[in-house]
*Asks:* 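My questions all concern the structure below.
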Amino acid sequence: MAYKHYSWDVIDKYYIRTYSPLGEYGGWGIRYSMSGQGMAYNVSGNKGLQLELNNGKKILIGTNNPTELEAALTKLK
């Protein structure tokens with residue numbers, strides 16, 4: 001899989017959220033939502049970083065360390 005880079009100027013919103021891997025994305029792995037939630041990259045758990053891009057796309061990146069991720073994003077921005 002190729003790396004993807006999203007610069008701050010294309011990200012409209014970002015936040016940590018709880019989600020349902022099975023209910024929203026049909027399981028774990030690289031998934032697309034049939035209900036408009038966008039794309040998900042998740043391996044385990046039910047917490048993730050939700051990105052909402054300026055073009056309307058949504059990307060969820062799962063994490064087992066939501067607190068640390070939120071702190072790192074706050075530091076970067």
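Residues: numbered from 1 along the sequence shown.
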*Asks:* Could you tell me which residues satisfy side-chain contact (heavy atoms from CB on, under 4.5 Å) with Asn55, sequence neighbours excluded, listed by chain and number?
*Replies:*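 Partners of Asn55 under the side-chain contact (heavy atoms from CB on, under 4.5 Å) test: Leu53, Lys57.
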*Asks:* What are the two closest non-hydrogen atoms of Ile11 and Tyr6, and how far apart are they?
*Replies:*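 Closest heavy-atom pair between Ile11 and Tyr6: CD1-O, 4.0 Å.
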*Asks:* Treat each ILVMFWY residue as a node, draw an edge where side-chain heavy atoms are under 4.5 Å apart, and state whether Leu49 and Met39 are in one component.
*Replies:*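 Looking at the clustering, Met39 is in the same group as Leu49.
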*Asks:* Please tell me whether Ile16 and Leu60 are part of a single hydrophobic cluster in this structure, the criterion being side-chain heavy atoms less than 4.5 Å apart.
*Replies:*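 Ile16 and Leu60: separate clusters.
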*Asks:* If Ile, Leu, Val, Met, Phe, Trp and Tyr residues are connected whenever their side-chain heavy atoms lie under 4.5 Å apart, and connections chain through other members, are Leu73 and Val10 in the same group?
*Replies:*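 Yes; Val10 is reachable from Leu73 via cluster members.
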*Asks:* Give a yes or no on whether the backbone of Asp9 and the side-chain of Asn54 come within a donor-acceptor separation of less than 3.5 Å.
*Replies:*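 Present.
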*Asks:* What pairs meet the salt bridge (charged side-chain N to carboxylate O under 4.0 Å, His left out) rule with one or both residues in residues 36-48, with sequence neighbours excluded?
*Replies:*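 Counting only pairs at least two positions apart or across chains, no salt bridge (charged side-chain N to carboxylate O under 4.0 Å, His left out) contact touches residues 36-48.
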*Asks:* Quick one: ring pair (Phe, Tyr, Trp, His ring centres under 6.0 Å) partners of Tyr14, sequence neighbours excluded?
*Replies:*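 Counting only residues at least two positions away or on another chain, Tyr14 forms a ring pair (Phe, Tyr, Trp, His ring centres under 6.0 Å) with Trp8.
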*Asks:* Might you point out which heavy atoms bring Asn42 and Pro21 nearest each other, and give the distance in Å?
*Replies:*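 Closest approach of Asn42 to Pro21, heavy atoms only: ND2-CB, 4.4 Å.
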*Asks:* Minimum heavy-atom separation for Gly45 and Asn64, please, with both atom names.
*Replies:*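 Closest heavy-atom pair between Gly45 and Asn64: CA-OD1, 4.2 Å.
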*Asks:* Say whether Tyr25 and Ile30 are linked into one hydrophobic cluster, either directly or through other cluster members, by side-chain heavy-atom distances under 4.5 angstrom.
*Replies:*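 Not linked; separate clusters.
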*Asks:* With rounding to the nearest 0.5 angstrom, report the OG1 to CG distance, Thr63 to Asn46.
*Replies:*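 Atom-to-atom, Thr63:OG1 and Asn46:CG are 11.0 Å apart.
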*Asks:* Do Glu70 side-chain atoms and Pro66 backbone N/O form a donor-acceptor pair below 3.5 Å?
*Replies:*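 Flag not set: sc Glu70 to bb Pro66 has no pair under 3.5 Å.
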*Asks:* Do you reckon Leu51 sits in the same ILVMFWY cluster as Tyr32, going by side-chain contacts under 4.5 Å, direct or chained?
*Replies:*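 Yes: a chain of side-chain contacts under 4.5 Å links Leu51 to Tyr32.
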*Asks:* Flag the pair Leu22 / Trp28 as yes when at least one side-chain heavy-atom distance between them is below 4.5 Å, and no otherwise.
*Replies:*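 The answer is yes, as the side chains (C-beta and beyond) meet within the 4.5 Å cut-off.
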*Asks:* If I compare all heavy atoms of Arg17 with all of Gln50, which pair ends up nearest, and what's the gap?
*Replies:*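 Taking Arg17 first and Gln50 second, the nearest heavy atoms are NE-OE1, 2.7 Å.
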